[in-house]
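Working notes for the structure below.
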Amino acid sequence: MIKGTIIKGIGGFYYVKSDDGIYSCRARGKFRKDSQTPIVGDLAEIEVTDNVKKEGYVVNILPRKNELFRPLVSNIDLLLITFAVISPAPSLQLIDKLTVTAAKRNIPTAICINKCDLDPKTAKEYEEIYTLAGFPVLAVSALNCQNVDKLKELLKNKTTALAGNSGVGKSSLLNAIGEDFSLETGDISDKIKRGKHTTRHTELFPLSFGGFVFDTPGFGSYELEDITHEELPLLFPEISKHEGGCRFTQCSHIKEPDCSVKQALYDGKIAQSRYDSYTALYEELKKIKKW
Ligand SMILES: Nc1nc2c(ncn2[C@@H]2O[C@H](COP(=O)(O)OP(=O)(O)OP(=O)(O)O)[C@@H](O)[C@H]2O)c(=O)[nH]1
Ligand SMILES: [Mg+2]
Ligand SMILES: [Zn+2]
């Protein structure tokens, strides 16, 4: 039995990187029975069936530090939520859903604003929104390598998953850090300005300067799971900071008087777009509960 990390999964095969190379493995039937599926990032124990062809079976998954559903990854130190200033235009609510999901799972989050070459002024506005919310923010360009050195610094010595819509430039950024990944990148459609889902599989890559990074497939939409409206304020760092400061202990920070969150919004300490995401998600989650 040897141990390794699942770096890729395609068509029922898991590619497990161990000290003596990469093994292509199938999962033992027991995984289906226990409804546990190996995912990229997992530490796995494998049974080698062919040492020359490097084949085997995944027989056990070691306990996960954490896992995300979208992108489907495990054991990460940082979620790097990536979007483009324009082309495709970002949905801030989608980005905020991602920060909420990561907060729920106690996964540290940073924000990466790409394609700053296309509209530096708007990039600055987004940078302010997420800096105010308390996240580390990088404004970068894979095209002209703006701040790519800072991106490398951020990735160094940790395991990071890039997450974001198709076409925002996740694969391009990983190519830009000069690690010889040669990842395939795709155009943005002319008509609807959306990505074309170029990256089809999640893959984990080692970094020569220390650490690992996941390139992941982009998505079009994103739904919140297993989060209640009651806990939502705790999952926005700039809102949870004010917990206990309102007149009502169960304050939803929406309609109540003497609300310290609304005060912070008026004072410009909370970004309007983040507050808008909060209220929209709050109402949405509340409806689910009533059902
Ligand atoms: N102008 C500009 N274009 C960029 C930049 N980064 C990426 N692009 C372009 O954006 C398009 C999409 O880039 P990808 O790297 O394939 O995007 P992705 O996020 O990996 O997309 P999926 O794999 O589909 O999820 C390509 O045409 C890139 O050349 C940038 O910083 N500036
Ligand atoms: Mg890609
Ligand atoms: Zn309040």
Side-chain angles (χ1 to χ4, degrees), residues 8 40 70-73 80-91 94-95 98 112-120 122-123 126 138-148 150-151 161-177 179 181-190 192-205 213-222 229-230 232-234 236 238-267 269-270 275 278-279 282:
K8 190 163 65 169
V40 181
R70 279 180 114 187
L72 187 58
V73 293
L80 186 59
I81 300 172
T82 307
F83 64 93
V85 191
I86 49 168
S87 193
S91 153
L94 181 142
I95 291 148
L98 281 164
C112 181
I113 307 164
N114 189 32
K115 308 200 189 184
C116 291
D117 55 286
L118 296 176
D119 186 348
T122 309
Y126 290 137
L138 273 183
V140 302
S141 165
L143 187 79
N144 67 18
C145 285
Q146 174 195 334
N147 282 340
V148 163
K150 286 193 185 146
L151 175 63
L162 269 63
N165 282 138
S166 176
V168 300
K170 300 177 294 299
S171 302
S172 302
L173 282 168
L174 293 183
N175 284 338
I177 63 175
E179 289 287 284
F181 293 148
S182 305
L183 300 172
E184 196 193 335
T185 62
D187 289 342
I188 302 298
S189 72
D190 282 340
I192 49 172
K193 299 278 180 231
R194 286 211 204 119
K196 291 177 176 168
H197 298 279
T198 308
T199 303
R200 294 280 170 181
H201 310 282
T202 295
E203 187 163 351
L204 182 62
F205 298 96
V213 69
F214 289 89
D215 190 19
T216 69
F219 34 78
S221 62
Y222 190 86
H229 67 279
E230 286 100 340
L232 192 66
L234 302 173
F236 279 78
E238 72 274 49
I239 290 177
S240 88
K241 209 160 80 179
H242 295 280
E243 215 50 39
C246 306
R247 189 205 295 183
F248 299 103
T249 42
Q250 294 297 325
C251 189
S252 72
H253 316 305
I254 298 176
K255 290 194 181 105
E256 299 87 341
D258 292 334
C259 169
S260 59
V261 170
K262 277 191 283 174
Q263 188 59 50
L265 177 71
Y266 298 137
D267 294 343
K269 289 178 187 148
I270 292 175
Y275 183 76
Y278 167 76
T279 54
Y282 188 93

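Counting starts at 1 for both ligands and their atoms, following the listed order.
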Which atom of Ser252 lies closest to which atom of Tyr278, heavy atoms considered:
O-OH, 2.7 Å
Please verify the inter-ring angle class for Tyr126 with Phe83; under 30° counts as parallel, over 60° as perpendicular, anything in between as tilted.
perpendicular
Pairwise, report which nitrogen or oxygen atoms of ligand 1 are under 3.5 angstrom from protein nitrogen or oxygen atoms, and how far apart they are.
| unit_1 | atom_1 | unit_2 | atom_2 | d |
| --- | --- | --- | --- | --- |
| ligand 1 | 1 (N) | Asp117 | OD2 | 2.9 |
| ligand 1 | 6 (N) | Asn114 | ND2 | 3.1 |
| ligand 1 | 10 (O) | Lys115 | NZ | 2.9 |
| ligand 1 | 13 (O) | Ser172 | OG | 3.4 |
| ligand 1 | 15 (O) | Ser172 | N | 2.8 |
| ligand 1 | 15 (O) | Ser172 | OG | 2.5 |
| ligand 1 | 16 (O) | Gly186 | N | 2.9 |
| ligand 1 | 17 (O) | Gly169 | N | 3.1 |
| ligand 1 | 19 (O) | Val168 | N | 3.3 |
| ligand 1 | 19 (O) | Gly169 | N | 2.9 |
| ligand 1 | 19 (O) | Lys170 | N | 2.9 |
| ligand 1 | 19 (O) | Lys170 | NZ | 2.8 |
| ligand 1 | 20 (O) | Ser171 | N | 3.0 |
| ligand 1 | 20 (O) | Ser171 | OG | 3.0 |
| ligand 1 | 21 (O) | Gly167 | N | 2.9 |
| ligand 1 | 23 (O) | Thr199 | N | 2.9 |
| ligand 1 | 23 (O) | Thr199 | OG1 | 2.8 |
| ligand 1 | 24 (O) | Ser166 | OG | 2.6 |
| ligand 1 | 24 (O) | His197 | N | 3.4 |
| ligand 1 | 24 (O) | Thr198 | N | 2.9 |
| ligand 1 | 25 (O) | Lys170 | NZ | 2.8 |
| ligand 1 | 25 (O) | Gly218 | N | 2.9 |
| ligand 1 | 27 (O) | Gly186 | O | 3.1 |
| ligand 1 | 31 (O) | Asn114 | OD1 | 3.2 |
| ligand 1 | 31 (O) | Asp117 | OD1 | 3.3 |
| ligand 1 | 31 (O) | Ser141 | OG | 3.3 |
| ligand 1 | 31 (O) | Ala142 | N | 2.8 |
| ligand 1 | 31 (O) | Leu143 | N | 3.2 |
| ligand 1 | 32 (N) | Asp117 | OD1 | 2.8 |
| ligand 1 | 32 (N) | Asp117 | OD2 | 3.4 |

Heavy atoms only: give me the nearest Lys115-Val168 pair and the separation to one decimal.
CE-O, 3.5 Å
Distance-minimising heavy-atom pair for Ser171 and Thr199:
OG-OG1, 2.9 Å
Just checking, is any N or O donor in the side chain of Thr82 or Asn114 under 3.5 Å from an acceptor N or O on the other one?
no
Which pair of non-hydrogen atoms, one from Pro88 and one from Gly167, has the smallest distance, and what is that distance?
CD-O, 3.5 Å
Examine Thr199 and say whether one of its N/O/S atoms is closer to the Mg ion (ligand 2) than 2.8 Å.
yes
So does Glu256 get a backbone contact from the side chain of Lys262, meaning a donor-acceptor N/O pair under 3.5 Å?
yes
The Mg ion (ligand 2) reached by Ser171 (N, O or S, under 2.8 Å):
yes
So do the side chains of Lys196 and Ser189 get within less than 4.5 Å of each other, counting heavy atoms only?
yes
Can you name the closest pair of heavy atoms from Thr216 and Leu162 and give their distance?
OG1-O, 2.7 Å
To the nearest 0.5 Å, what is the distance between SG (Cys112) and CD1 (Ile81)?
11.0 Å
Around the Zn ion (ligand 3), how many protein N, O or S atoms are closer than 2.8 Å?
4
